[in-house]
Number of protein chains: 2
Amino acid sequence: MRGEANTDPGTGDSSKEAPRIRTMFQHTLEHEVPAGTILFAQGEVPTFQIVVLSGSVQLFGRSRDGREVLIEVVRAPDLLIPAAVVTASPYLMQGRAPEPTRFLLIPADAFRDAVERNPHLAKAVLETLAEQFRRMVRQTKNLKLRSAAERVGCHILVLSERQGTPDRAILPYEKHMIASELGMTRESFSRALKALTKIGIGVAGQEIVIRDRARLTAVAKPDPMIDLPAFDDTGRRTLALIERLTG
Amino acid sequence: MRGEANTDPGTGDSSKEAPRIRTMFQHTLEHEVPAGTILFAQGEVPTFQIVVLSGSVQLFGRSRDGREVLIEVVRAPDLLIPAAVVTASPYLMQGRAPEPTRFLLIPADAFRDAVERNPHLAKAVLETLAEQFRRMVRQTKNLKLRSAAERVGCHILVLSERQGTPDRAILPYEKHMIASELGMTRESFSRALKALTKIGIGVAGQEIVIRDRARLTAVAKPDPMIDLPAFDDTGRRTLALIERLTG
DNA sequence: ATCTGCAGTTGATATGCATCAAGGCCGGAA
DNA sequence: TTCCGGCCTTGATGCATATCAACTGCAGAT
(Lines give C-alpha, C1' and ligand atoms only; values in the text may rest on other atoms or scores of the structure.)
Protein backbone atom coordinates (compact mmCIF):
# COMPACT_ATOMS: atom_id res chain seq x y z
CA MET A 1 0.00 0.00 0.00
CA ARG A 2 1.23 3.42 -0.87
CA GLY A 3 2.30 5.76 1.92
CA GLU A 4 0.58 4.31 5.00
CA ALA A 5 -3.02 5.17 4.36
CA ASN A 6 -4.18 4.83 7.94
CA THR A 7 -1.97 7.53 9.37
CA ASP A 8 -4.36 10.10 8.06
CA PRO A 9 -2.56 13.26 7.00
CA GLY A 10 -4.42 16.27 8.30
CA THR A 11 -6.37 17.26 5.24
CA GLY A 12 -9.12 19.70 6.08
CA ASP A 13 -12.35 17.86 6.89
CA SER A 14 -14.56 20.74 5.93
CA SER A 15 -14.50 20.06 2.16
CA LYS A 16 -17.50 18.09 0.97
CA GLU A 17 -15.52 15.55 -1.02
CA ALA A 18 -12.86 14.79 1.53
CA PRO A 19 -14.59 11.89 3.34
CA ARG A 20 -15.06 9.88 0.18
CA ILE A 21 -11.64 10.55 -1.14
CA ARG A 22 -10.25 9.44 2.17
CA THR A 23 -12.22 6.22 1.87
CA MET A 24 -10.75 5.64 -1.55
CA PHE A 25 -7.33 6.38 -0.15
CA GLN A 26 -7.64 4.14 2.88
CA HIS A 27 -8.37 0.97 1.01
CA THR A 28 -6.33 1.59 -2.07
CA LEU A 29 -3.43 -0.79 -2.56
CA GLU A 30 -0.42 -0.57 -4.75
CA HIS A 31 0.57 -3.89 -6.18
CA GLU A 32 3.14 -5.30 -8.55
CA VAL A 33 2.75 -8.61 -10.37
CA PRO A 34 5.22 -10.71 -12.38
CA ALA A 35 4.84 -11.44 -16.09
CA GLY A 36 2.08 -13.91 -16.82
CA THR A 37 -0.18 -13.07 -13.89
CA ILE A 38 -3.91 -13.48 -14.49
CA LEU A 39 -5.66 -10.49 -12.96
CA PHE A 40 -9.27 -11.51 -13.44
CA ALA A 41 -11.32 -14.00 -15.39
CA GLN A 42 -14.01 -13.45 -17.96
CA GLY A 43 -17.33 -13.47 -16.08
CA GLU A 44 -15.99 -12.13 -12.79
CA VAL A 45 -17.55 -9.01 -11.32
CA PRO A 46 -14.87 -6.40 -10.61
CA THR A 47 -13.94 -5.88 -6.97
CA PHE A 48 -11.40 -3.17 -7.75
CA GLN A 49 -10.90 -0.43 -10.23
CA ILE A 50 -7.43 -1.36 -11.37
CA VAL A 51 -5.18 1.50 -12.44
CA VAL A 52 -2.27 0.44 -14.60
CA LEU A 53 0.73 2.45 -13.39
CA SER A 54 3.44 0.76 -15.42
CA GLY A 55 3.58 -2.18 -17.78
CA SER A 56 0.49 -3.39 -19.64
CA VAL A 57 -2.42 -5.78 -19.56
CA GLN A 58 -3.68 -8.04 -22.33
CA LEU A 59 -7.40 -8.71 -22.50
CA PHE A 60 -8.55 -12.02 -23.94
CA GLY A 61 -11.95 -13.04 -25.17
CA ARG A 62 -12.85 -16.70 -24.93
CA SER A 63 -15.40 -18.61 -26.94
CA ARG A 64 -17.44 -21.42 -25.46
CA ASP A 65 -15.33 -24.01 -27.23
CA GLY A 66 -12.25 -22.67 -25.46
CA ARG A 67 -10.59 -20.63 -28.18
CA GLU A 68 -9.02 -17.44 -26.89
CA VAL A 69 -8.11 -14.30 -28.80
CA LEU A 70 -6.49 -11.07 -27.77
CA ILE A 71 -9.15 -8.36 -27.88
CA GLU A 72 -7.19 -5.36 -26.68
CA VAL A 73 -4.12 -4.23 -24.81
CA VAL A 74 -4.19 -1.61 -22.08
CA ARG A 75 -0.87 0.18 -21.70
CA ALA A 76 0.13 2.28 -18.69
CA PRO A 77 -1.01 4.78 -17.69
CA ASP A 78 -4.65 3.80 -18.05
CA LEU A 79 -7.67 2.39 -16.26
CA LEU A 80 -8.43 -1.29 -16.59
CA ILE A 81 -11.95 -1.59 -17.95
CA PRO A 82 -13.75 1.19 -16.11
CA ALA A 83 -16.76 0.10 -18.19
CA ALA A 84 -17.10 -3.05 -16.10
CA VAL A 85 -16.46 -1.21 -12.83
CA VAL A 86 -18.92 1.65 -13.27
CA THR A 87 -21.68 -0.70 -14.39
CA ALA A 88 -20.73 -3.31 -11.79
CA SER A 89 -21.10 -6.00 -14.42
CA PRO A 90 -19.01 -9.04 -15.28
CA TYR A 91 -15.78 -8.63 -17.18
CA LEU A 92 -16.24 -9.73 -20.79
CA MET A 93 -12.54 -10.56 -21.04
CA GLN A 94 -9.77 -12.16 -19.08
CA GLY A 95 -6.97 -9.85 -17.96
CA ARG A 96 -3.35 -10.92 -17.98
CA ALA A 97 -0.11 -9.03 -17.45
CA PRO A 98 2.41 -10.02 -20.15
CA GLU A 99 5.24 -8.23 -18.35
CA PRO A 100 5.99 -7.15 -14.77
CA THR A 101 3.28 -4.60 -14.11
CA ARG A 102 2.36 -2.21 -11.32
CA PHE A 103 -1.18 -1.34 -10.31
CA LEU A 104 -3.25 0.75 -8.02
CA LEU A 105 -6.21 -1.24 -6.73
CA ILE A 106 -9.16 0.92 -5.72
CA PRO A 107 -12.13 -0.91 -4.19
CA ALA A 108 -14.88 -0.83 -6.78
CA ASP A 109 -17.60 0.66 -4.60
CA ALA A 110 -15.30 3.32 -3.18
CA PHE A 111 -14.32 4.17 -6.72
CA ARG A 112 -17.92 4.45 -7.87
CA ASP A 113 -18.67 6.62 -4.84
CA ALA A 114 -15.73 8.87 -5.54
CA VAL A 115 -16.71 9.23 -9.19
CA GLU A 116 -20.19 10.22 -8.16
CA ARG A 117 -18.95 12.82 -5.71
CA ASN A 118 -15.96 14.28 -7.47
CA PRO A 119 -16.75 15.95 -10.79
CA HIS A 120 -13.10 16.14 -11.79
CA LEU A 121 -12.68 12.44 -11.31
CA ALA A 122 -15.91 11.79 -13.17
CA LYS A 123 -14.70 13.87 -16.07
CA ALA A 124 -11.33 12.13 -16.15
CA VAL A 125 -12.90 8.67 -16.10
CA LEU A 126 -15.35 9.72 -18.77
CA GLU A 127 -12.56 10.87 -21.04
CA THR A 128 -10.55 7.73 -20.45
CA LEU A 129 -13.53 5.53 -21.17
CA ALA A 130 -14.35 7.58 -24.25
CA GLU A 131 -10.83 7.00 -25.55
CA GLN A 132 -11.20 3.29 -24.92
CA PHE A 133 -14.50 3.24 -26.77
CA ARG A 134 -12.89 4.93 -29.72
CA ARG A 135 -10.09 2.38 -29.71
CA MET A 136 -12.67 -0.38 -30.00
CA VAL A 137 -14.43 1.38 -32.86
CA ARG A 138 -11.10 1.70 -34.63
CA GLN A 139 -10.46 -1.98 -34.15
CA THR A 140 -13.85 -2.95 -35.53
CA LYS A 141 -13.21 -0.84 -38.61
CA ASN A 142 -9.79 -2.42 -38.91
CA LEU A 143 -11.31 -5.90 -38.87
CA LYS A 144 -14.22 -5.19 -41.18
CA LEU A 145 -12.55 -2.98 -43.75
CA ARG A 146 -9.01 -4.29 -44.21
CA SER A 147 -7.27 -7.42 -45.41
CA ALA A 148 -4.89 -9.36 -43.20
CA ALA A 149 -1.83 -7.97 -44.99
CA GLU A 150 -3.07 -4.40 -44.63
CA ARG A 151 -3.68 -4.92 -40.92
CA VAL A 152 -0.15 -6.22 -40.47
CA GLY A 153 1.38 -3.38 -42.45
CA CYS A 154 -0.54 -0.71 -40.57
CA HIS A 155 0.30 -2.31 -37.25
CA ILE A 156 3.98 -2.09 -38.05
CA LEU A 157 3.62 1.56 -39.03
CA VAL A 158 1.78 2.34 -35.79
CA LEU A 159 4.37 0.52 -33.70
CA SER A 160 7.22 2.38 -35.33
CA GLU A 161 5.51 5.70 -34.67
CA ARG A 162 4.72 4.86 -31.08
CA GLN A 163 8.31 3.80 -30.54
CA GLY A 164 9.65 6.93 -32.18
CA THR A 165 11.73 5.02 -34.71
CA PRO A 166 10.50 5.62 -38.26
CA ASP A 167 12.89 3.04 -39.70
CA ARG A 168 12.05 0.12 -37.46
CA ALA A 169 9.57 -1.40 -35.03
CA ILE A 170 9.96 -3.88 -32.20
CA LEU A 171 7.13 -6.35 -31.76
CA PRO A 172 6.12 -5.84 -28.14
CA TYR A 173 5.19 -9.47 -27.50
CA GLU A 174 5.00 -12.88 -29.15
CA LYS A 175 3.96 -13.03 -32.76
CA HIS A 176 1.07 -15.37 -32.14
CA MET A 177 -0.38 -12.77 -29.72
CA ILE A 178 -0.11 -10.02 -32.27
CA ALA A 179 -1.66 -12.30 -34.85
CA SER A 180 -4.69 -12.91 -32.67
CA GLU A 181 -4.87 -9.21 -31.81
CA LEU A 182 -5.04 -8.55 -35.54
CA GLY A 183 -7.67 -11.23 -36.04
CA MET A 184 -5.67 -13.90 -37.84
CA THR A 185 -3.67 -17.06 -37.17
CA ARG A 186 0.04 -17.05 -36.43
CA GLU A 187 0.65 -18.76 -39.77
CA SER A 188 -1.16 -16.06 -41.68
CA PHE A 189 0.73 -13.43 -39.74
CA SER A 190 4.02 -15.09 -40.59
CA ARG A 191 3.12 -15.24 -44.27
CA ALA A 192 1.92 -11.64 -44.30
CA LEU A 193 5.27 -10.54 -42.85
CA LYS A 194 7.09 -12.57 -45.45
CA ALA A 195 5.04 -11.00 -48.21
CA LEU A 196 5.81 -7.51 -46.89
CA THR A 197 9.47 -8.49 -47.06
CA LYS A 198 9.21 -8.06 -50.81
CA ILE A 199 7.98 -4.50 -50.59
CA GLY A 200 10.49 -3.00 -48.23
CA ILE A 201 10.63 -4.43 -44.75
CA GLY A 202 13.04 -6.78 -43.09
CA VAL A 203 12.17 -9.24 -40.35
CA ALA A 204 14.69 -10.38 -37.75
CA GLY A 205 12.97 -12.01 -34.81
CA GLN A 206 11.07 -9.35 -32.87
CA GLU A 207 12.61 -6.55 -34.86
CA ILE A 208 11.07 -5.24 -38.06
CA VAL A 209 13.24 -3.00 -40.20
CA ILE A 210 11.39 -0.57 -42.42
CA ARG A 211 13.53 -0.06 -45.50
CA ASP A 212 10.96 1.60 -47.73
CA ARG A 213 8.36 3.41 -45.65
CA ALA A 214 6.71 5.03 -48.67
CA ARG A 215 6.11 1.69 -50.32
CA LEU A 216 4.86 0.10 -47.12
CA THR A 217 2.48 3.04 -46.67
CA ALA A 218 1.23 2.65 -50.22
CA VAL A 219 0.49 -1.03 -49.68
CA ALA A 220 -0.96 -0.89 -46.15
CA LYS A 221 -2.94 2.33 -46.64
CA PRO A 222 -2.91 3.67 -43.06
CA ASP A 223 -5.86 5.87 -42.18
CA PRO A 224 -6.18 8.31 -39.27
CA MET A 225 -9.80 7.25 -38.87
CA ILE A 226 -8.71 3.66 -38.16
CA ASP A 227 -5.17 3.63 -36.80
CA LEU A 228 -4.33 4.93 -33.36
CA PRO A 229 -2.71 8.34 -33.13
CA ALA A 230 0.86 8.11 -31.87
CA PHE A 231 0.21 10.16 -28.77
CA ASP A 232 -2.70 10.54 -26.45
CA ASP A 233 -2.22 11.88 -22.95
CA THR A 234 -5.68 11.09 -21.61
CA GLY A 235 -4.26 8.23 -19.58
CA ARG A 236 -1.50 10.36 -18.16
CA ARG A 237 -3.90 13.11 -17.12
CA THR A 238 -6.29 10.65 -15.54
CA LEU A 239 -3.48 8.97 -13.68
CA ALA A 240 -2.16 12.30 -12.39
CA LEU A 241 -5.58 13.11 -10.98
CA ILE A 242 -6.01 9.72 -9.34
CA GLU A 243 -2.57 9.89 -7.78
CA ARG A 244 -3.44 13.28 -6.41
CA LEU A 245 -6.63 11.86 -4.93
CA THR A 246 -5.09 8.75 -3.43
CA GLY A 247 -1.93 10.19 -2.01
CA MET B 1 -37.59 23.38 -29.76
CA ARG B 2 -39.27 21.80 -26.83
CA GLY B 3 -41.50 23.92 -24.59
CA GLU B 4 -40.35 27.51 -25.28
CA ALA B 5 -36.99 27.60 -23.62
CA ASN B 6 -36.77 31.38 -23.38
CA THR B 7 -39.81 31.84 -21.19
CA ASP B 8 -37.77 30.76 -18.25
CA PRO B 9 -39.90 28.97 -15.69
CA GLY B 10 -39.11 30.31 -12.24
CA THR B 11 -36.62 27.73 -11.07
CA GLY B 12 -34.71 28.92 -8.04
CA ASP B 13 -31.47 30.61 -9.10
CA SER B 14 -29.74 29.92 -5.83
CA SER B 15 -28.72 26.34 -6.72
CA LYS B 16 -25.19 26.08 -8.00
CA GLU B 17 -26.01 23.96 -11.03
CA ALA B 18 -28.99 25.89 -12.24
CA PRO B 19 -27.20 28.36 -14.55
CA ARG B 20 -25.51 25.64 -16.59
CA ILE B 21 -28.56 23.50 -16.78
CA ARG B 22 -30.46 26.50 -17.99
CA THR B 23 -27.83 27.04 -20.68
CA MET B 24 -28.25 23.49 -21.79
CA PHE B 25 -32.01 23.99 -21.80
CA GLN B 26 -31.96 27.24 -23.70
CA HIS B 27 -30.12 26.00 -26.72
CA THR B 28 -31.41 22.49 -26.81
CA LEU B 29 -33.51 21.67 -29.85
CA GLU B 30 -35.87 18.85 -30.51
CA HIS B 31 -35.72 17.66 -34.06
CA GLU B 32 -37.26 14.96 -36.22
CA VAL B 33 -35.73 13.66 -39.43
CA PRO B 34 -37.12 11.43 -42.18
CA ALA B 35 -35.69 8.02 -43.05
CA GLY B 36 -32.35 8.21 -44.82
CA THR B 37 -31.11 11.45 -43.26
CA ILE B 38 -27.36 11.75 -42.80
CA LEU B 39 -26.72 13.26 -39.37
CA PHE B 40 -22.99 13.71 -39.52
CA ALA B 41 -20.01 12.56 -41.55
CA GLN B 42 -16.95 10.63 -40.52
CA GLY B 43 -14.27 13.18 -39.63
CA GLU B 44 -16.64 15.92 -38.44
CA VAL B 45 -16.20 17.30 -34.94
CA PRO B 46 -19.49 17.07 -33.02
CA THR B 47 -21.36 20.33 -32.51
CA PHE B 48 -24.17 18.70 -30.55
CA GLN B 49 -24.64 15.84 -28.17
CA ILE B 50 -27.45 14.10 -30.00
CA VAL B 51 -29.94 12.22 -27.85
CA VAL B 52 -31.94 9.61 -29.73
CA LEU B 53 -35.51 9.88 -28.43
CA SER B 54 -37.19 7.52 -30.84
CA GLY B 55 -36.13 5.56 -33.90
CA SER B 56 -32.50 4.59 -34.42
CA VAL B 57 -29.23 5.59 -36.03
CA GLN B 58 -26.87 3.46 -38.10
CA LEU B 59 -23.17 4.20 -37.85
CA PHE B 60 -20.99 3.45 -40.87
CA GLY B 61 -17.27 3.14 -41.10
CA ARG B 62 -15.67 4.00 -44.41
CA SER B 63 -12.33 2.87 -45.78
CA ARG B 64 -10.15 5.08 -47.88
CA ASP B 65 -11.14 3.23 -51.04
CA GLY B 66 -14.77 4.09 -50.37
CA ARG B 67 -16.15 0.84 -48.99
CA GLU B 68 -18.65 1.36 -46.19
CA VAL B 69 -19.73 -1.07 -43.51
CA LEU B 70 -22.22 -0.82 -40.71
CA ILE B 71 -20.29 -0.67 -37.45
CA GLU B 72 -23.10 -0.31 -34.94
CA VAL B 73 -26.69 0.70 -34.46
CA VAL B 74 -27.86 3.05 -31.72
CA ARG B 75 -31.48 2.48 -30.78
CA ALA B 76 -33.62 4.91 -28.77
CA PRO B 77 -33.33 5.82 -26.03
CA ASP B 78 -29.58 6.40 -26.12
CA LEU B 79 -26.87 8.97 -26.63
CA LEU B 80 -25.24 9.26 -30.03
CA ILE B 81 -21.52 8.75 -29.54
CA PRO B 82 -20.88 10.61 -26.30
CA ALA B 83 -17.30 9.38 -26.76
CA ALA B 84 -16.79 11.88 -29.60
CA VAL B 85 -18.59 14.67 -27.75
CA VAL B 86 -16.79 14.45 -24.42
CA THR B 87 -13.39 14.25 -26.09
CA ALA B 88 -14.34 16.87 -28.69
CA SER B 89 -12.77 14.72 -31.38
CA PRO B 90 -13.87 13.80 -34.88
CA TYR B 91 -16.55 11.19 -35.38
CA LEU B 92 -14.99 7.93 -36.56
CA MET B 93 -18.25 6.98 -38.29
CA GLN B 94 -20.99 8.45 -40.39
CA GLY B 95 -24.43 8.63 -38.76
CA ARG B 96 -27.61 7.94 -40.70
CA ALA B 97 -31.21 7.50 -39.60
CA PRO B 98 -32.71 4.46 -41.36
CA GLU B 99 -36.22 5.36 -40.19
CA PRO B 100 -38.03 8.53 -39.09
CA THR B 101 -36.19 9.45 -35.92
CA ARG B 102 -36.54 12.09 -33.20
CA PHE B 103 -33.63 13.74 -31.43
CA LEU B 104 -32.68 16.16 -28.75
CA LEU B 105 -29.75 18.31 -29.88
CA ILE B 106 -27.69 19.67 -27.01
CA PRO B 107 -24.85 22.05 -27.96
CA ALA B 108 -21.64 20.12 -27.37
CA ASP B 109 -19.92 22.66 -25.14
CA ALA B 110 -23.03 23.22 -23.06
CA PHE B 111 -23.28 19.45 -22.68
CA ARG B 112 -19.66 19.10 -21.61
CA ASP B 113 -20.16 21.95 -19.13
CA ALA B 114 -23.28 20.36 -17.71
CA VAL B 115 -21.56 16.98 -17.37
CA GLU B 116 -18.74 18.62 -15.49
CA ARG B 117 -21.09 20.43 -13.12
CA ASN B 118 -23.80 17.88 -12.54
CA PRO B 119 -22.61 14.65 -10.96
CA HIS B 120 -25.86 12.85 -11.71
CA LEU B 121 -25.55 13.67 -15.36
CA ALA B 122 -21.90 12.66 -15.33
CA LYS B 123 -22.80 9.33 -13.79
CA ALA B 124 -25.58 8.73 -16.30
CA VAL B 125 -23.35 9.54 -19.27
CA LEU B 126 -20.60 7.38 -17.83
CA GLU B 127 -22.95 4.41 -17.53
CA THR B 128 -24.30 4.92 -21.02
CA LEU B 129 -20.82 5.14 -22.48
CA ALA B 130 -19.75 2.09 -20.50
CA GLU B 131 -22.64 0.13 -21.97
CA GLN B 132 -21.61 1.27 -25.45
CA PHE B 133 -18.04 0.21 -24.83
CA ARG B 134 -19.23 -3.20 -23.76
CA ARG B 135 -21.32 -3.51 -26.91
CA MET B 136 -18.19 -2.87 -28.97
CA VAL B 137 -16.22 -5.47 -27.04
CA ARG B 138 -19.02 -7.97 -27.65
CA GLN B 139 -18.93 -7.19 -31.34
CA THR B 140 -15.18 -7.66 -31.54
CA LYS B 141 -15.50 -11.03 -29.85
CA ASN B 142 -18.31 -11.91 -32.23
CA LEU B 143 -16.11 -11.10 -35.23
CA LYS B 144 -12.96 -12.78 -33.99
CA LEU B 145 -14.41 -15.90 -32.42
CA ARG B 146 -17.35 -16.95 -34.57
CA SER B 147 -18.00 -18.11 -38.10
CA ALA B 148 -20.36 -16.26 -40.42
CA ALA B 149 -23.11 -18.86 -39.94
CA GLU B 150 -22.82 -18.66 -36.16
CA ARG B 151 -23.05 -14.89 -36.28
CA VAL B 152 -26.21 -15.08 -38.36
CA GLY B 153 -27.79 -17.69 -36.09
CA CYS B 154 -27.01 -15.75 -32.93
CA HIS B 155 -28.26 -12.54 -34.47
CA ILE B 156 -31.61 -14.17 -35.19
CA LEU B 157 -31.81 -15.47 -31.63
CA VAL B 158 -31.03 -12.02 -30.23
CA LEU B 159 -33.59 -10.35 -32.47
CA SER B 160 -36.31 -12.80 -31.47
CA GLU B 161 -35.58 -12.18 -27.80
CA ARG B 162 -35.52 -8.44 -28.18
CA GLN B 163 -38.81 -8.57 -30.05
CA GLY B 164 -40.34 -10.84 -27.43
CA THR B 165 -41.28 -13.51 -29.95
CA PRO B 166 -39.38 -16.76 -29.30
CA ASP B 167 -40.74 -18.36 -32.46
CA ARG B 168 -39.85 -15.66 -34.93
CA ALA B 169 -37.77 -12.58 -35.66
CA ILE B 170 -38.30 -9.64 -37.98
CA LEU B 171 -35.19 -8.28 -39.65
CA PRO B 172 -35.23 -4.60 -38.72
CA TYR B 173 -33.73 -3.34 -41.96
CA GLU B 174 -32.42 -4.51 -45.32
CA LYS B 175 -30.51 -7.74 -45.45
CA HIS B 176 -27.43 -6.19 -47.01
CA MET B 177 -27.21 -3.85 -43.99
CA ILE B 178 -27.43 -6.70 -41.53
CA ALA B 179 -24.83 -8.59 -43.53
CA SER B 180 -22.38 -5.73 -43.24
CA GLU B 181 -23.22 -5.29 -39.57
CA LEU B 182 -22.30 -8.95 -39.11
CA GLY B 183 -19.11 -8.52 -41.10
CA MET B 184 -19.98 -10.40 -44.31
CA THR B 185 -21.35 -9.79 -47.80
CA ARG B 186 -25.04 -9.93 -48.63
CA GLU B 187 -24.44 -13.09 -50.65
CA SER B 188 -22.82 -14.84 -47.72
CA PHE B 189 -25.66 -13.72 -45.50
CA SER B 190 -28.19 -15.06 -47.95
CA ARG B 191 -26.43 -18.41 -48.13
CA ALA B 192 -26.05 -18.59 -44.35
CA LEU B 193 -29.80 -18.09 -43.98
CA LYS B 194 -30.44 -20.76 -46.55
CA ALA B 195 -28.15 -23.17 -44.71
CA LEU B 196 -29.96 -22.49 -41.43
CA THR B 197 -33.15 -23.36 -43.26
CA LYS B 198 -32.09 -26.99 -43.01
CA ILE B 199 -31.74 -26.89 -39.26
CA GLY B 200 -35.04 -25.38 -38.25
CA ILE B 201 -35.72 -21.86 -39.47
CA GLY B 202 -37.90 -20.52 -42.24
CA VAL B 203 -37.21 -17.38 -44.21
CA ALA B 204 -39.98 -15.29 -45.76
CA GLY B 205 -38.75 -11.88 -46.75
CA GLN B 206 -37.99 -9.89 -43.60
CA GLU B 207 -39.57 -12.49 -41.37
CA ILE B 208 -37.61 -15.40 -39.95
CA VAL B 209 -39.62 -18.22 -38.42
CA ILE B 210 -37.85 -20.25 -35.77
CA ARG B 211 -39.23 -23.77 -35.98
CA ASP B 212 -36.61 -25.54 -33.91
CA ARG B 213 -35.08 -23.17 -31.41
CA ALA B 214 -33.13 -25.91 -29.63
CA ARG B 215 -31.43 -26.97 -32.83
CA LEU B 216 -30.68 -23.40 -33.86
CA THR B 217 -29.18 -22.79 -30.43
CA ALA B 218 -27.05 -25.91 -30.72
CA VAL B 219 -25.68 -24.76 -34.07
CA ALA B 220 -25.21 -21.05 -33.36
CA LYS B 221 -23.93 -21.47 -29.79
CA PRO B 222 -25.12 -18.18 -28.29
CA ASP B 223 -23.04 -16.94 -25.38
CA PRO B 224 -23.99 -14.35 -22.74
CA MET B 225 -20.43 -13.02 -22.87
CA ILE B 226 -20.86 -12.14 -26.56
CA ASP B 227 -24.52 -11.61 -27.37
CA LEU B 228 -26.42 -8.62 -26.08
CA PRO B 229 -28.76 -9.16 -23.16
CA ALA B 230 -32.41 -8.71 -24.15
CA PHE B 231 -32.98 -5.83 -21.78
CA ASP B 232 -30.89 -2.98 -20.57
CA ASP B 233 -32.47 0.15 -19.18
CA THR B 234 -29.34 2.31 -19.03
CA GLY B 235 -30.56 4.31 -22.00
CA ARG B 236 -33.98 4.82 -20.51
CA ARG B 237 -32.57 6.04 -17.21
CA THR B 238 -30.15 8.39 -18.91
CA LEU B 239 -32.89 9.76 -21.10
CA ALA B 240 -35.19 10.32 -18.10
CA LEU B 241 -32.46 12.35 -16.42
CA ILE B 242 -31.72 14.42 -19.49
CA GLU B 243 -35.39 15.15 -20.05
CA ARG B 244 -35.65 16.29 -16.46
CA LEU B 245 -32.66 18.58 -16.96
CA THR B 246 -33.81 20.06 -20.25
CA GLY B 247 -37.45 20.52 -19.42
C1' DA C 1 25.64 -32.52 -23.22
C1' DT C 2 20.81 -34.30 -24.27
C1' DC C 3 16.04 -33.98 -23.95
C1' DT C 4 11.88 -31.41 -24.07
C1' DG C 5 8.62 -28.05 -25.14
C1' DC C 6 7.20 -23.91 -27.09
C1' DA C 7 7.54 -20.25 -30.84
C1' DG C 8 7.97 -19.72 -35.31
C1' DT C 9 8.33 -20.95 -40.24
C1' DT C 10 7.07 -23.30 -44.29
C1' DG C 11 4.49 -26.27 -47.31
C1' DA C 12 0.31 -28.79 -48.76
C1' DT C 13 -4.33 -28.72 -48.64
C1' DA C 14 -9.01 -27.48 -47.39
C1' DT C 15 -12.65 -24.38 -46.97
C1' DG C 16 -15.04 -20.29 -45.92
C1' DC C 17 -16.15 -16.41 -47.83
C1' DA C 18 -15.84 -12.94 -51.53
C1' DT C 19 -16.32 -11.90 -56.16
C1' DC C 20 -18.40 -12.04 -60.56
C1' DA C 21 -22.31 -12.80 -63.28
C1' DA C 22 -27.09 -13.83 -64.24
C1' DG C 23 -31.74 -13.92 -63.22
C1' DG C 24 -35.99 -13.37 -60.18
C1' DC C 25 -39.02 -10.61 -57.49
C1' DC C 26 -41.00 -6.95 -56.30
C1' DG C 27 -42.83 -1.84 -56.03
C1' DG C 28 -42.87 2.56 -58.00
C1' DA C 29 -43.04 5.59 -62.22
C1' DA C 30 -44.86 6.57 -66.61
C1' DT D 1 -50.41 -2.04 -68.08
C1' DT D 2 -45.27 -1.95 -69.03
C1' DC D 3 -40.98 -0.63 -67.84
C1' DC D 4 -37.82 0.15 -64.94
C1' DG D 5 -34.34 -0.06 -60.75
C1' DG D 6 -33.51 -1.77 -56.17
C1' DC D 7 -33.00 -5.79 -53.41
C1' DC D 8 -32.33 -10.38 -53.13
C1' DT D 9 -31.07 -15.03 -54.52
C1' DT D 10 -28.42 -18.43 -56.90
C1' DG D 11 -24.63 -20.43 -59.32
C1' DA D 12 -19.78 -20.59 -60.86
C1' DT D 13 -15.42 -19.46 -59.72
C1' DG D 14 -11.40 -17.60 -57.33
C1' DC D 15 -8.90 -16.11 -53.56
C1' DA D 16 -7.73 -15.30 -48.84
C1' DT D 17 -7.22 -17.33 -44.86
C1' DA D 18 -7.51 -21.41 -41.86
C1' DT D 19 -6.09 -25.92 -40.97
C1' DC D 20 -3.00 -29.72 -40.79
C1' DA D 21 1.55 -31.36 -40.69
C1' DA D 22 6.47 -31.33 -40.71
C1' DC D 23 10.45 -29.18 -39.43
C1' DT D 24 13.78 -25.63 -37.27
C1' DG D 25 15.67 -23.10 -33.66
C1' DC D 26 16.04 -21.94 -29.26
C1' DA D 27 15.72 -21.93 -24.14
C1' DG D 28 15.09 -24.28 -19.98
C1' DA D 29 15.33 -28.58 -17.46
C1' DT D 30 17.82 -32.66 -16.23
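Only a predicted model underlies this, so the values are computations on that prediction, with no experimental measurement involved.
At a cut-off of 3.5 angstrom, counting only N and O atoms as typed in the model, there is a donor on one side and an acceptor on the other between the side-chain of B/R191 and the base of D/dG11.
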Every protein N/O lying under 3.5 Å from an N/O of nucleotides 21-25 of chain D:
none

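When ring centroids are compared, B/F133 and A/F133 stay outside the 6.0 Å threshold.
Of the possible polar contacts, one joining the A/D212 side chain to the A/R215 backbone as a donor-acceptor pair under 3.5 Å is found.
Near DNA chain D, meaning a heavy atom under 4.0 Å from it, residues 141-158 of chain A has A/S147, A/A148 in order of number. The stretch residues 168-179 of chain B touches DNA chain D through B/E174, B/K175, B/H176, each having a heavy atom within less than 4.0 Å of the strand. A heavy atom lying under 4.0 Å from DNA chain C marks none of the residues of residues 215-223 of chain B.
Nearest-nucleotide mapping onto DNA chain D: of A/R67 and B/S190, the residue sitting toward the 5' end is B/S190.
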Below 3.5 Å, can you tabulate the donor-acceptor pairs from side chains in residues 72-79 of chain B to any protein atom, sequence neighbours excluded?
from, atom 1, to, atom 2, distance (Å)
B/D78, OD1, B/Q132, NE2, 3.2
B/D78, OD2, B/R135, NH2, 3.3

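Taken over five-pair windows at either terminus, the axes of the helix from C/dA1-D/dT30 to C/dA30-D/dT1 are inclined to one another by 30° (rounded to 10 degrees).
At the phosphate of D/dT17, neither OP1 nor OP2 sits under 4.0 Å from any side-chain N or O atom of A/T185.
Residue B/L70 holds its CG atom at 11.0 Å from OG1 of A/T140, rounded to the nearest 0.5 Å. To the nearest 0.5 Å, the span separating NZ on B/K175 from CD on B/E187 amounts to 13.0 Å.
B/R186 and B/S180 share no donor-acceptor pair across their side chains, judged by distance under 3.5 Å alone. Residues A/E131 and B/T87 bring no donor and acceptor atom of their side chains to less than 3.5 Å of each other. B/Q58 and B/R96 form a side-chain donor-acceptor contact under 3.5 Å, judged by distance and modelled atom types alone. B/E99 and B/S56 are linked by a side-chain donor-acceptor pair at a separation below 3.5 angstrom, with hydrogens and angles left out of the test. Donor-acceptor pairing under 3.5 Å is lacking for the side chains of B/K144 and B/Q139.
Rounded to an integer number of Å, the gap from A/F189 CZ to C/dT9 P is 8 Å. As a whole-Å value, the separation of A/L193 CG from C/dA7 C1' is 14 Å. Atom CD of B/Q206 is separated from atom C1' of D/dC7 by 10 Å (rounded to the nearest Å).
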Could you walk me through whether B/T238 and B/T128 pass the side-chain hydrogen bond (donor to acceptor under 3.5 Å, both in side chains) check?
CA-CA 7 Å; B/T238 301; B/T128 298; 2.6 Å; yes
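Residues A/R146 and A/D227 are paired through a salt bridge, judged by an N-O separation under 4.0 Å between the basic side chain and the carboxylate.
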